[in-house]
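Here is the structure we will look at, set down as structure tokens.
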Amino acid sequence: MKKFLFIATIVALIFSTAVDANAKKKVRKKAKAVTTQTVKNSNLPKYTQEGVARLSNGDVSDREMAFLQNLYFQYVMPGTISNESYFRYVKLMFTDSALSMLRDADGNYDWAAIEGKAGGGNGFTPSFKVTNLGNRQYVVEENGAKCYFEVTGTDGAYKISKVSPLPLN
């Protein structure tokens, strides 16, 4: 009887682990890489204001001006410059002395000069104009509202070192 159980067990093991000879190997197709094309929103303002000189490859030749325009298009126009959660990004664009120029009596940042609202102005819209005054100084203006900037640093590391609703110097 023990021999019979032993043989039955061996036969059961063989049948339970047997592989079908006709089984086909399952082949998975590799997923093809999908390339995406970034489409820029044509409604967003670009550095196409009058008087902006360009290099032969199309880059803006006055990079300090482009830096100021980027500040406006990224933070001032959408209103995020006044949002405290964006301050860590905005802060990188200013030197400490420029930020201290924007502090009010309570120590809070008053962005009115940059927004074009200093002195009761209506504020800048995307049609603002930037003018190079020379000596790395610029004025942003629209409908009588003005903000003066001085930009320091090198390409890729520009910072605003002075800012005022009144002419600098």
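Numbering of residues begins at 1 and proceeds along the displayed sequence.
Using a 4.5 Å heavy-atom cutoff, the side chains of E141 and T131 are in contact. Side-chain contact check for E142 versus N122: every heavy-atom pair is 4.5 Å or farther apart. Looking only at side-chain heavy atoms (C-beta outward), V140 and K129 stay at 4.5 Å or farther from each other. Side-chain contact between V130 and V139 is absent, with no heavy atoms from C-beta onward closer than 4.5 Å. Side-chain contact between I160 and I114: absent, with no pair of heavy atoms (C-beta onward) separated by less than 4.5 Å.
Sorted by first and then second residue, the ring pair (Phe, Tyr, Trp, His ring centres under 6.0 Å) pairs with a member in residues 136-155 form an empty list; sequence neighbours excluded. For residues 157-169, the pairs satisfying side chain to side chain donor-acceptor pair (under 3.5 Å) are E150-S161, with sequence neighbours left out. Screening residues 88-107 for ring pair (Phe, Tyr, Trp, His ring centres under 6.0 Å) gives F94-W111 as the qualifying pairs, with residues at least two apart or on separate chains. Residue pairs meeting the side chain to side chain donor-acceptor pair (under 3.5 Å) criterion with at least one partner in residues 90-105, sequence neighbours excluded, are T95-S97, R103-Y109.
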For the pair M65 and V151, evaluate side chain to side chain contact (heavy atoms under 4.5 Å, CB included) and give the outcome as yes or no after the intermediate values. CA-CA 9 Å; M65 183 184 288; V151 179; over 6 Å; no

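Electrostatic pairing of E64 and R136 counts as a salt bridge here, judged by a charged N lying under 4.0 Å from a carboxylate O.
The distance from atom CE of M77 to atom OG of S127, rounded to the nearest 0.5 Å, is 8.5 Å. Taken to the nearest 0.5 Å, the CZ atom of R63 stands 4.5 Å off from the CG atom of D155.
Ring pair F128/Y72 is tilted by interplanar angle, where 30° to 60° counts as tilted. Using the six-membered ring where Trp is involved, Y86 and Y75 have ring planes that are perpendicular, over 60° apart on the 30 and 60° scheme.
Looking only at distances, no side-chain donor or acceptor of N135 sits under 3.5 Å from a matching main-chain atom of Q137.
Grouping the Ile, Leu, Val, Met, Phe, Trp and Tyr side chains by contacts below 4.5 angstrom, directly or via other members, places V163 with F87. Hydrophobic cluster membership differs between L168 and L68, with clusters built from Ile, Leu, Val, Met, Phe, Trp and Tyr side chains linked at under 4.5 angstrom.
Remark: P78 engages T80 in a side chain to side chain contact (heavy atoms under 4.5 Å, CB included) (not counting sequence neighbours). Taking the side chain to side chain donor-acceptor pair (under 3.5 Å) definition, one finds that S85 meets it with N83, sequence neighbours left out.
Considering all non-hydrogen atoms of both residues, A145 and G116 come closest at CB-O, 3.5 Å.
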